[in-house]
2 protein chains.
Amino acid sequence: MTEDEGPRGYRSRADRREELLDAAALVVRDDGLPGLTTRAVAARAGVAHGVVHYVFGARRHLVVALLERQARASLPRVLAAADAHDDVRGALDAAVGAWIDLVRSEPERFRLLEAVSSSGLDPDGDGALVDAERRLWRDAVAAGLDRWSAAHGVVLAVPTPDAADAVIAVVDGLTRSSVGDPDGAATDRSRALLVRGLAHVLSEPDRGEPDRGEPDRGEPARDEPARAERDRAERD
Amino acid sequence: MTEDEGPRGYRSRADRREELLDAAALVVRDDGLPGLTTRAVAARAGVAHGVVHYVFGARRHLVVALLERQARASLPRVLAAADAHDDVRGALDAAVGAWIDLVRSEPERFRLLEAVSSSGLDPDGDGALVDAERRLWRDAVAAGLDRWSAAHGVVLAVPTPDAADAVIAVVDGLTRSSVGDPDGAATDRSRALLVRGLAHVLSEPDRGEPDRGEPDRGEPARDEPARAERDRAERD
DNA sequence: GTCTATAGCAGGATAGAC
DNA sequence: GTCTATCCTGCTATAGAC
């Protein structure tokens, strides 16, 4: 289905890689994330089980590769949606909406995103892959913001990287919200609220909410919980 | 360590349950989520492997139970942090900040939250457990908002359930952001932005961003993003 | 009713064959 | 360089001891 293989079935590592990723995408679509076993991928691709481990090493590497491929495929569409709008709020809403639509159209696919970053990995130095993945997103969103900002002559009220982080956080939160929200009504309401709020802070510098109430101070209420004493080693 | 057991080591099912959850929490703290095997829990609690399955059935039930117990333990603290503030923004910031501090102090613990809802479960009808879990949160946050609102005589600009969903989405997004953000600086910046934006929309009814720029039309947002045209994004 | 011992099975990883 | 055969670990289920 993907390509036909030689008489002996020998393909280059790179070709096998693409082929296996195709198979993996199908497996995820059909059987969901937990169905994504190295054996299932191998079976779907019509190769021996070990080939998957030969090409990708560990299962997580396959997952990360699949994830990255997806990201590169999805991002342009999302960024394009924003470009059709001149105002911050409209652009944000379009981009976030496009993303959520993607998530909804193939939910299983996007569970990978969460699954990888949250649960999947931890031991040894493999978190580096996830970090790289996140950085890819962060940079892409920041670049998109810059591009949009320049193209429409709008300057944001906060530094681009900060805005990018906030956008990603919102998208992450909404993505998670859309799980177990089949009709998406709740997610849509949240999206409307969050986009409006985010557009507000990206457009307006902080002046302490003059319209209502009593802002005691800009600094938050640091109550004294356990401060993480953990030596989080990796600071790539 | 938790309780000493009778001469024969017989405990009620409920007691064993708590005991095993204690052990599970320690396992997660020390070895991370992937270290949380039913065998490890049994070993840590000093019981036979089968006991875990006797009490919880499947591993995921243990995970969900641990998660729920955590939620019930954490929520009061978070809600209390909000009560110390009279204004929406201050209360929100305090609550969200308290939550993020909890996440930071024991990161491994909170990966459960994501791991369960995203990856862990899917087969058969087990998603119901996750749904119940999410509903628990949603209801708790909504109740907290109502309580705060009544206590401080502040009425929110949006219905409580909608506000609760948005708050949860923000917290989810920030929680995920804090993974791989060891010093937490980026997360703090995002938090500041998102809390400000959220406070804004919770306080102010939508009037189309009058204060800045060029709202091309009074009625906003309702644009037409990529409306779920589900084409296969089969490849890049 | 509570727990132990044991067996089966699925999935990841690797040493070694082509 | 590609792939296969095999091993190991961990989850689940159950039969039976206390």
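In this text, all values refer to a predicted model and were calculated from it rather than measured experimentally. Order of the sequence lines sets the chain letters (A, B, ...), proteins ahead of strands, with each chain counted from 1.
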Sub-4.5 Å side-chain heavy-atom contact between A:Asp31 and A:Val28: no
Taking only side-chain nitrogens and oxygens of A:Arg16, does any of them come within less than 4.0 Å of OP1 or OP2 of D:dC3? yes
Candidate pair B:Thr160 and B:Asp146, rule side chain to side chain donor-acceptor pair (under 3.5 Å), full reasoning: CA-CA 7 Å; B:Thr160 310; B:Asp146 271 337; 2.9 Å; yes
Rounded to whole angstrom units, what separation is found between the CZ atom of B:Arg13 and the P atom of C:dC3? 9 Å
Nearest-Å distance, CZ (B:Arg11) to C1' (D:dC18)? 18 Å
Taking atom P of D:dG1 as reference, at what distance in whole Å does atom CG of A:Asp15 sit? 16 Å
A:Tyr54 six-ring centre to A:Arg13 NZ/CZ under 6.0 Å and within 45° of normal: yes
Are A:Arg191 and A:Asp93 within salt-bridge range, i.e. N to O under 4.0 Å? yes
Starting from P on C:dG1, measure out to CZ on B:Arg17 and report it in whole angstrom. 18 Å
Any side-chain heavy-atom pair from A:Trp137 and A:Leu75 closer than 4.5 angstrom? yes
Carboxylate-amine/guanidinium proximity below 4.0 Å for A:Arg104 and A:Asp181: no
Whether each nucleotide of nucleotides 8-15 of chain C has a protein heavy atom under 4.0 Å at its base (B), only at its sugar-phosphate (S) or at neither (-) is summarised, 5' to 3', as ---BBBB-
